[in-house]
Amino acid sequence: MQTSKPLTLKRNFSWTFVGNAVYAACQWGMLVVLAKLGSPEMVGTFTLGLAITAPIFMFSNLQLRHIQATDARQQYVFGDYFGLRLISTLLGLIVVMAIVLAAGYRWQVSLTILLVGLAKAFESISDVFYGLIQQHERMDRIAISLMIKGPLSLVMLGLGIYLTGNVVWGTVGLAISWGVVALGFDLRSGRSILAGLNAANTKTIDNRKNNAIAPRWDRKTLKEIIWLALPLGFVMLLISLNTNVPRYFIEQYLGERELGFFAALAYLMVSGSMVVNALGQSATPRLAKYYAAERGAAFRQLMFKLVVIGAGLGALAVLVAAVAGKQVLSIFYQPEYAQYSDLFVWLMIAAGFSYVSYFLGYGMTAARYFRIQMPLFTFTTLVSAATSFWLIPTMGLKGAAIALIAGAISEAVFSLGVVVHAIYKIER
């Protein structure tokens, strides 16, 4: 399996779009399965598991994938990133277990959270290999991985729910499927990339050993990467909290049933996110090279195109929700979900601002503006939390949607300021 030769930006986008589309459809399909075969409470339990574990693993991942992808000068080798990822993933699992023990949830909820955490751990292993593959601009391998993992996880979760009527066994299937793909496919793809690098390396044996699949735990190197990545870890924690904070307030004030309705509708935001992520992930290495080479005009032009695409996707999402919201919700979920068609429109407005801010975030990362993102997303998360605390007890789910909008607008405005500054700096 030869995977060392980079693909063009167009082919990388095509592969990434298809892979993300299949994976996002299957992720959404899991909520549909829960809604069709289960109940809004079951959707709420599963969503709570994701809401608790996602910020933990977003932080523990330290966004190493994007640091790898933008490491144009080859400052560190794969083994350094892999070694750090194994340590941080283990710590993430420990934190999830501690939260479950301290929270005192019902046993079914606790088991669901723990199993989602295990699935997230396997996802973290896949992610570090994705970083290696993305760095060498072979997004086809990531896309194939997603196209295997998505349908497999949907089938396994659906089978568990169908046979037992219990969300716990569905989550067992999810964890198994993600583990199989991480260890059976992603590891193999990473090994192939490194084998290609070694075959092209005519230098010393020690240099070829630097491209081994094994993790490295050099204390000095790990400290350097942690120091570089820690701000991004906090940023990803804050981004995840910005999304999930309204869910915590919904579960606290309105219960798991209302959380299930909200989560099912909010997941439809992913329909545009898959395009955004496909373009953003494909463009990040190219943006990083433009910025490293101080090609300000090329960087600015590509960023402008991405932002316009994000705004256009948001406008389309709002239009669909306003015109056909009730029909969409009745067909994809159950007729009882159609009563939330107004909420659907509010959530699509939040999606539009989010798409723009996501592209700006890719631009900040490509320019390696890491540390500024921490105060930026701290403010954004505080806006989301304050709005949730203020509006959800009185306005219910609509208040949660407004909280998402407030957070997305804050993120977009401040991210734009950072990207403009970065462009000015290299064009000055």
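None of these values were measured; they are calculated from a predicted model.
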**Prompt:** Going by atom types only, do E224 and Y76 share a side-chain donor-acceptor pair under 3.5 Å?
**Reply:** yes

**Message:** If the threshold is 4.0 Å, N to carboxylate O, is there a salt bridge linking R138 and D140?
**Reply:** yes

**Request:** Hey, could you give me each pair passing ring pair (Phe, Tyr, Trp, His ring centres under 6.0 Å) that has a residue in residues 379-402? Not counting sequence neighbours.
**Result:** F379-F414

**Request:** Would you please say whether a donor-acceptor pair under 3.5 Å links the side chains of D186 and S145?
**Result:** yes

**Prompt:** Does a side chain donor of either E411 or T380 reach within less than 3.5 Å of an acceptor in the other side chain?
**Reply:** no

**Prompt:** Between F249 and Y253, how do the two ring planes meet: parallel, tilted or perpendicular, split at 30° and 60°?
**Reply:** parallel

**Prompt:** Rounded to the nearest 0.5 Å, what separation is found between the CG atom of L347 and the CG atom of L265?
**Reply:** 6.0 Å

**Asked** More than 12 foreign heavy atoms under 6.0 Å from OH of Y290: is that the case here?
**Response** yes

**Asked** What do the steps show when you test R106 against E256 for salt bridge (Lys or Arg N to Asp or Glu O under 4.0 Å), and what is the final call?
**Response** CA-CA 12 Å; R106 293 181 291 110; E256 291 176 16; 3.3 Å; yes

**Message:** Using ring-ring contact (aromatic ring centres under 6.0 Å, His included), reason through F129 and F82 one step at a time and then give a plain yes or no.
**Reply:** CA-CA 8 Å; F129 288 109; F82 190 26; 5.4 Å; yes

**Request:** Using only heavy-atom distances, determine whether the side chains of Y340 and E258 contain a donor-acceptor pair under 3.5 Å.
**Result:** yes

**Prompt:** Tell me, which pairs form a ring pair (Phe, Tyr, Trp, His ring centres under 6.0 Å) where one or both residues lie in residues 220-248, sequence neighbours left out?
**Reply:** F59-F234

**Asked** Which pairs pass salt bridge (charged side-chain N to carboxylate O under 4.0 Å, His left out) with one or both residues in residues 153-180, sequence neighbours excluded?
**Response** none

